[in-house]
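This report refers to the structure that appears directly beneath it.
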Amino acid sequence: MPELPEVEVVRRGLSDHVVGRTVARAVLTGSRVARRHAAGPTDLTDRVAGARILAADRRGKYLWLVLAPPEDDTLALVVHLGMSGQLLVQHAAAAPEKHLHARFDFTDGGPQLRFVDQRTFGGLALAELHADQRGAPDGVHVHGIPAPVLHIAPDPLEPAFDRAGTVRRMRSRDSEVKRVLLDQSVVSGIGNIYADEALWRAGVHGRRSASALTRPALGRVLDHAAEVMREALGQGGTSFDALYVNVNGASGYFDRSLAVYGQTGRPCPRCGTPVLREQFMNRSSHFCPRCQPRPRVSR
DNA sequence: CTAAGCTCCTGCAGGC
DNA sequence: TGCCTGCAGGAGCTTA
C-alpha cells in the first residue's frame, strides 16, 4: 500500500521523467478516475492539454504536478494513489494495462505518463494552488498547496515539520494513539504498515489513549515513524527503474525489514515473543504483546 | 469542532 | 472444480 515513502519514490520518478515537458493531451477511461474533479472529466482533459509541467510536489500521501497552462494561472493536477494506484512512464507503443484509467501524451513525443489502478480508490483532480496554511515556508512547496490538500497536515519528512506542535495536537485527541497516527489531518503520510512499525519501535500499543501518553512518549512514536519511513525510502529507491514509476505494496525491498506488519506468529525481532494480529478499525494491527503491552483499562 | 462507522473497489486465499 | 466469504485498506462522507 502506498504510504509516504512509496509516494515519494513516485514523486522522484515524476521529477526525473515528466517535469519540464508539455502535455499534448490527456485521455481518461471512464469517469471514476476523475470523480473528485467536480467540473468533470472533460474539463480536466481540456485544461491539462498544452500545459507545461513545472514541478512534482508531495505532502503526505498526496502528490501533485504543478502545471502552467498556456493561457491560465498555475494549477495542480492532484494525484492520490489510494490502495493500488500506479503512475507509469511508458512508451506509447506499449499495450494498455488492464486497469489503465488515464494517459498523458507529451508534445515531445516521448514516453507517456499513465495512471493504472486496480482497486480504483485512487484518482486525479485539477485544483488551484493556495498559500500553505499548515506548514512554515520550507523551500519545497514554493508553488503552494492544492485546495484538496489544504486539510492535510505536514508530514514528518518535511523540512519545516513542527514536531512539538504535532505532539501537542496528538495529545489533545481523545482517541487511541494508532487512530491519531492514521489521521492525516494530525500528521500525514503514515498508513497502516508504518503505524504498526513505528508503534512497535516505540514499544507502545496502538490502543493506548493518545491523551494518556506523555509528550516525550508521543515524540518518540513520531520520531520512530519518521525514521522507519526514511529507512523505507532509502530502500525503495533501489528498485526504481528508469521507465517505470511504480508503487505496489511496501516500497522496494523494505518488506524484508518489517518487524511486525504481516508477521503474525513470527518472533518479535526484539524479544522473540510471537507477533499478534488483531482487528482494529476494520483492518489489522500487528504488535508484540511483550514489548507493547495492551492498555490495562479499556477505553 | 471532534470521533467513529460506512463505503467505494478488485483480486486472491482459504474453506467446503 | 467451483462457489462463497473474508480480507487487503485510504480517505471522503455521514452521523451523532
Side-chain angles (χ1 to χ4, degrees), chain A residues 1-8 10-11 28-38 58-64 78-87 96-102 115-125 127 133-134 145-155 166 168-199 206-212 225 229 232 247-251 255 258 260-265 275-286 298-299:
Chain A
M1 281 54 66
E3 303 181 25
L4 186 154
E6 295 78 26
V7 179
E8 173 60 15
V10 174
R11 191 203 63 78
L28 304 184
T29 308
S31 57
R32 183 168 167 78
V33 68
R35 68 192 180 285
R36 303 276 176 224
H37 185 64
R58 181 189 60 74
R59 168 164 280 177
K61 304 170 197 171
Y62 280 84
L63 184 65
W64 63 91
V78 181
V79 181
H80 199 291
L81 300 174
M83 290 287 300
S84 53
Q86 297 177 306
L87 283 169
E97 291 76 7
K98 183 175 180 188
H99 299 290
L100 176 66
H101 296 288
F115 182 73
V116 175
D117 190 6
Q118 175 194 108
R119 274 176 272 187
T120 68
F121 281 15
L124 312 173
Q133 299 162 352
R134 303 292 301 266
I145 304 289
V149 190
L150 287 173
H151 69 291
I152 297 296
D155 66 64
T166 304
R168 278 197 301 275
R169 189 151 159 71
M170 291 175 72
R171 200 155 183 272
S172 75
R173 291 308 200 88
D174 178 23
S175 190
E176 295 157 333
V177 63
K178 183 170 173 182
R179 284 182 183 275
V180 176
L181 273 184
L182 293 175
D183 187 336
Q184 306 296 302
S185 69
V186 176
V187 54
S188 71
I190 303 168
N192 204 38
I193 296 172
Y194 297 115
D196 279 1
E197 293 298 308
L199 289 165
R207 285 208 179 272
R208 299 269 297 273
S209 160
S211 55
M229 291 195 293
V247 165
N248 207 347
S251 73
D255 54 339
L258 295 172
V260 288
Y261 184 84
Q263 309 299 312
T264 311
V275 169
L276 294 184
R277 172 180 165 276
E278 66 178 22
Q279 288 302 114
F280 183 83
M281 294 170 70
N282 285 328
R283 32 187 69 89
S284 292
S285 282
H286 309 76
S298 64
R299 304 181 70 256

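Labels below follow one simple rule: chain letters A, B, ... track the order of the sequence lines, proteins then strands, and each chain is numbered from 1. Basis for what follows: all heavy atoms, side chains included, without hydrogens, waters or symmetry-related copies.
When the local axes at the two ends of the helix from dT2(B)-dA16(C) to dC16(B)-dG2(C) are compared, using 5 base pairs at each end, they differ in direction by 50° after rounding to 10°.
Using a 4.0 Å cut-off, no side-chain N or O of Thr120(A) falls inside it from OP1 or OP2 of dT10(B). Side-chain nitrogen and oxygen atoms of Arg179(A) include none within less than 4.0 Å of the OP1 or OP2 phosphate oxygen of dA3(B). Contact annotation: Arg173(A) reaches the phosphate of dA3(B) (side-chain N/O to OP1 or OP2, under 4.0 Å).
Of the options Arg207(A), Glu278(A), Lys178(A), Gln279(A), a side chain to side chain donor-acceptor pair (under 3.5 Å) to Ser285(A) is made by Lys178(A) and by none of the others.
For the residue pair Asp117(A) / His101(A), no side-chain donor-acceptor distance below 3.5 Å is found, with atom types taken as modelled.
Near DNA chain C, defined here as any heavy-atom distance below 4.0 Å, the residues from residues 277-285 of chain A are Arg277(A), Arg283(A), Ser284(A), listed numerically.
Side chain of Glu197(A) to backbone of Ala225(A): no donor-acceptor contact under 3.5 angstrom is found. Judged by distance alone, with hydrogens and angles left aside, the side-chain atoms of Gln184(A) form a donor-acceptor pair with the main-chain N or O of Leu182(A) at under 3.5 Å. Although no hydrogens or angles enter the test, the distance criterion places a donor-acceptor pair under 3.5 Å between the side chain of Arg32(A) and the main chain of Thr120(A). Of the possible donor and acceptor atoms, none in the side chain of Arg11(A) sits under 3.5 Å from a partner among the backbone N and O of Arg59(A). With Ser284(A) contributing its side chain and Arg277(A) its backbone, the two residues share no donor-acceptor pair below 3.5 Å. The backbone N or O of Ile193(A) sits less than 3.5 Å from a side-chain atom of Glu3(A), completing a donor-acceptor pair.
Among all heavy-atom pairs drawn from Leu199(A) and Val177(A), the shortest one is CD2-CG1, 4.0 Å. Shortest non-hydrogen contact noted between Ala153(A) and Ser185(A) is CB-O, 3.5 Å.
Atom P of nucleotide dT10(B) and atom CZ of Arg119(A) are separated by 11 Å, given to the nearest angstrom. Atom NE2 in His101(A) sits about 13 Å away from atom C1' in dC8(B), given to the nearest Å. Remark: P of dT10(B) and CE of Met83(A) are 13 Å apart, rounded to the nearest angstrom. Atom CD in Glu176(A) sits roughly 7 Å away from atom P in dA4(B) (whole-Å rounding). When rounded to the nearest whole Å, the span between CZ of Arg169(A) and P of dC1(B) equals 11 Å. Distance Leu63(A) CG to dG10(C) C1': 15 Å, rounded to the nearest Å. If you take CG of Asp117(A) and P of dC8(B), they are 16 Å apart, rounded to a whole angstrom. Rounded to whole Å, atom C1' of dC7(C) lies 13 Å from atom CD of Gln118(A).
Nearest nucleotide to the Phe121(A) side chain, out of dA4(B), dG11(B), dG10(C): dG10(C). For Asp174(A), the side-chain atoms get nearest to dA3(B) when compared with the rest of dA3(B), dT10(B), dG11(B). For Lys98(A), counting side-chain heavy atoms from C-beta on, the closest listed nucleotide (dA4(B), dC8(B), dG11(B)) is dG11(B).
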Would Val149(A) and Trp64(A) count as a side-chain contact (heavy atoms from CB on, under 4.5 Å) if you check the C-alpha gap in whole Å, the side-chain angles of each, and the deciding distance to 0.1 Å? CA-CA 10 Å; Val149(A) 190; Trp64(A) 63 91; 4.1 Å; yes
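Comment: Lys61(A) does not engage Asp155(A) in a salt bridge, judged by the lack of any side-chain N to carboxylate O separation of less than 4.0 angstrom.
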Atom pairs under 3.5 Å, N or O on each side, protein against nucleotides 12-16 of chain C: can you list them with distances?
unit_1: dG12(C); atom_1: OP1; unit_2: Tyr62(A); atom_2: OH; d: 2.0
unit_1: dG12(C); atom_1: OP2; unit_2: His151(A); atom_2: NE2; d: 3.0
unit_1: dG12(C); atom_1: O3'; unit_2: Arg36(A); atom_2: NH1; d: 3.4

